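No experiment lies behind these values; they were computed from the predicted model shown. Just so we're on the same page: letters track the sequence lines, and every chain starts at 1.
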2 protein chains.
Amino acid sequence: MMYVVGHKNPDSDSICSAIALAYFLDAFPARLGELNPESQFILKRFGLMEPELIKTAKGKELFLVDHAEKSQNLDDFDKGKLIGIIDHHKIGISTTEPIIYLSKPVGSTASVISELYFRGILDIIGGKNKELKADIAGVLLSAILSDTLLFKSPTATPLDKELAEKLADIAGISDITAYGMEMLTAKSTVGKMTPEEILHIDYKPFDMSGKKVGIGQAEVIDMSEVASKKEAIQNLIDEMIEKEGYDMVLFLVTDIMKEGSEVLVAGNKSSFETAFELKLDGKSVFIDGLMSRKKQVVPPLEKYYSN
Amino acid sequence: MMYVVGHKNPDSDSICSAIALAYFLDAFPARLGELNPESQFILKRFGLMEPELIKTAKGKELFLVDHAEKSQNLDDFDKGKLIGIIDHHKIGISTTEPIIYLSKPVGSTASVISELYFRGILDIIGGKNKELKADIAGVLLSAILSDTLLFKSPTATPLDKELAEKLADIAGISDITAYGMEMLTAKSTVGKMTPEEILHIDYKPFDMSGKKVGIGQAEVIDMSEVASKKEAIQNLIDEMIEKEGYDMVLFLVTDIMKEGSEVLVAGNKSSFETAFELKLDGKSVFIDGLMSRKKQVVPPLEKYYSN
């Protein structure tokens with residue numbers, strides 16, 4: 001049986017894209033971890049069930065969404081059979097056989113799936129051109145809004161916006177911005193979370209030229225939500241450097257309204273400074289315009305570590 | 001400026017797909033090596049020019065066809081900017097940024113491009129839905145026939161055949177099989193080639209879990225074409241083991257009509273025997289039904305070397 005699954009520490013794009021693509025592929029939607037508050041809000045809003053939590057790849061056919069890196073999937077990933085990937089990230093996986101792979105540099109995986117739907121070409125990746133119902137349209141819309149931070153992220157493209165408008169029509173959402181703010185506010189229950197929970201809202205480990213690098217991100221509507229917890233988060237990532245074999249761990253507190261991120265740095269400070277061409281005063285820095293881990297944080301680090 | 005380019009030691013799919021995709025992308029078709037006799041026959045038959053030979057990636061935007069491995073592209077590949085990949089092979093590349101990637105487990109890269117054309121969806125990979133002229137249809141058809149060995153290869157799918165029939169209509173080819181045999185016969189000038197030339201008709205180096213493995217393939221309509229040159233080819237691949245740091249080099253003489261391949265083995269014999277679960281009597285073995293390097297040779301070797 002085939003499972004459509006997003007990455008570990010799933011964000012809304014991983015959850016919503018798994019649900020939508022599984023619908024078109026007649027497969028099971030799955031997840032590799034707990035839902036964040038935003039994803040919980042979205043599924044409740046559109047009356048959909050949580051994807052099934054899976055713990056092993058053994059005996060499963062897998063169709064990945066929203067990632068193309070083994071380290072972001074199950075530890076026994078190789079025990080499963082990889083059928084395909086729909087994604088919008090860099091390529092970080094190798095296979096021993098040809099698979100279905102469609103990736104585009106757009107704002108979300110949900111955008112890639114939605115484009116296939118609106119063009120009536122889901123069959124090119126093995127899906128069926130079934131009718132899109134309001135609930136599936138709603139989760140796809142939500143995933144686009146979430147991953148593009150209401151189209152403010154540098155990863156957002158005109159296509160994302162165009163697709164979101166069509167999805168909103170089907171989902172019965174008349175004011176996209178109002179819905180998006182409602183969703184982002186639901187996400188920003190950061191204020192009630194413990195530092196550990198905040199760190200793991202959206203945390204991803206990367207293998208960069210053999211070095212282990214971790215990057216977490218939390219998005220807030222107002223920095224004050226996390227102000228009192230920053231020191232504790234810094235201590236947690238410092239501890240990861242000491243105990244978990246990381247070379248560098250970064251934590252981004254992204255202020256959606258100010259359109260920038262405070263970056264907490266653990267590990268080799270001078271590596272960070274070289275990669276980002278700046279000087280740290282202490283252990284953190286606010287970088288104006290920095291919104292996207294994928295587009296603005298991973299590439300300079302990959303480049304730095306490969307040299 | 002953007003160049004569409006196939007792999008080193010280009011086969012007809014690499015050459016024809018580069019020409020066709022460059023047409024739809026308004027880019028330049030390029031090649032990384034000399035045309036084999038089959039590709040020469042195809043371009044002459046449809047009156048098209050050879051793609052430009054390029055020797056550096058510096059300053060170029062690159063769109064890859066028919067491969068997704070750096071080792072099969074230019075040595076200074078990283079100096080170029082990778083824009084996208086259209087392919088039907090395994091994934092063996094990693095990137096630092098998201099790119100356009102479309103790969104499907106079908107018989108040829110030309111099939112993937114043709115499907116985009118007939119569906120009118122070339123724009124999903126950044127192309128234009130221009131009219132397909134007879135010459136471009138002809139080279140796409142030829143690439144499908146070449147890569148699927150007239151649909152006899154285990155990599156061939158019903159889609160390849162369906163697309164080939166539509167392309168034949170546009171190209172003005174009334175009898176696909178007759179044209180295919182004519183093309184394969186043109187390819188089989190193997191009899192007039194030197195052992196060195198035969199070895200390099202379609203030779204690819206692979207990085208398998210850090211070990212260097214080479215696999216060459218020549219397709220013949222009759223084994224007698226190469227009978228007198230097998231010993232010399234064996235000597236050449238034995239020499240590559242000694243001098244070029246290879247762990248294993250294989251050379252496949254594929255008999256299209258008998259639907260099987262004689263495999264010449266150089267390097268660690270017992271590794272080959274373990275990977276293919278057979279016993280070698282001497283340095284070569286005929287394997288019935290073995291037609292595809294990609295589907296039947298690379299996967300067991302990748303699996304063997306990863307253990």
Side-chain angles (χ1 to χ4, degrees), chain A residues 64 66-70 78 82-109 111-112 115-116 118-126 155 157 159 206-209 292 294-307, chain B residues 64 66-70 78 82-109 111-112 115-116 118-126 155 157 159 206-209 292 294-307:
Chain A
L64 309 190
D66 202 37
H67 68 302
E69 301 205 29
K70 282 186 192 181
D78 287 326
L82 180 61
I83 303 294
I85 301 174
I86 307 285
D87 192 26
H88 71 130
H89 293 87
K90 72 191 185 74
I91 302 151
I93 200 165
S94 61
T95 64
T96 52
E97 286 180 66
I99 62 163
I100 298 163
Y101 198 132
L102 177 60
S103 186
K104 292 181 64 166
V106 292
S108 70
T109 299
S111 310
V112 181
E115 186 182 27
L116 294 176
F118 286 113
R119 302 293 295 269
I121 54 173
L122 273 149
D123 55 304
I124 70 165
I125 55 103
T155 62
T157 67
L159 180 67
F206 295 86
D207 176 346
M208 298 198 178
S209 305
S292 165
K294 178 161 58 92
K295 206 151 178 170
Q296 297 169 296
V297 181
V298 172
L301 287 178
E302 289 265 9
K303 201 174 162 191
Y304 172 79
Y305 280 102
S306 74
N307 288 335
Chain B
L64 309 190
D66 203 38
H67 69 300
E69 300 203 29
K70 281 186 193 181
D78 286 327
L82 180 61
I83 303 293
I85 300 174
I86 308 283
D87 191 26
H88 71 131
H89 294 87
K90 72 190 186 74
I91 302 151
I93 201 165
S94 61
T95 64
T96 52
E97 286 181 64
I99 62 163
I100 298 164
Y101 198 133
L102 176 60
S103 186
K104 293 181 65 168
V106 292
S108 70
T109 299
S111 310
V112 181
E115 185 182 27
L116 294 175
F118 286 113
R119 303 293 296 270
I121 53 173
L122 273 150
D123 55 304
I124 70 166
I125 54 104
T155 62
T157 67
L159 180 67
F206 295 86
D207 176 348
M208 298 200 178
S209 304
S292 165
K294 177 160 58 93
K295 205 151 178 170
Q296 297 170 296
V297 180
V298 172
L301 287 178
E302 289 266 8
K303 201 173 162 191
Y304 172 80
Y305 280 101
S306 74
N307 287 336

**Request:** Output the option from B:L116, B:T96, B:I85 having the highest count of non-hydrogen pairs under 4.5 Å with chain A.
**Result:** B:T96
**Side-chain touch B:I100/A:P105, heavy atoms, less than 4.5 angstrom** = yes
**Asked** In terms of heavy-atom pairs under 4.5 Å with chain B, which of A:M208, A:E97, A:K90 leads?
**Response** A:K90
**Request:** With chain B as the partner chain, list the residues of residues 118-126 of chain A whose heavy atoms fall under 4.5 Å from it, by residue number, and write 'none' if nothing qualifies.
**Result:** A:R119, A:G120, A:I121, A:D123, A:I124
**Prompt:** Given a strict heavy-atom distance threshold of 4.5 Å, which part of A:E115 is in contact with chain B: side chain, backbone, both, or neither?
**Reply:** side chain
**Item:** Nearest atoms (heavy-atom pairs only) where A:I93 meets B:I91
**Value:** O-CG2, 3.1 Å
**Message:** Below 4.5 Å, heavy-atom pairs only: which of A:D78, A:I99, A:V112 has the largest tally toward chain B?
**Reply:** A:I99
**Message:** Please identify, among B:S94, B:G92, B:A68, B:G84, the residue contributing the most non-hydrogen atom pairs under 4.5 Å to chain A.
**Reply:** B:S94
**Prompt:** Which of residues 298-307 of chain A get closer than 4.5 angstrom to chain B, counting heavy atoms alone?
**Reply:** A:P299, A:E302
**Item:** Residues which pass salt bridge (charged side-chain N to carboxylate O under 4.0 Å, His left out) with A:D207, listed by chain and number, not counting sequence neighbours
**Value:** none
**Message:** I'd like to check the side-chain contact (heavy atoms from CB on, under 4.5 Å) partners of B:S292; sequence neighbours left out, ordered by chain and number.
**Reply:** B:S153, B:P154, B:T155, B:K294, B:K295, B:Q296
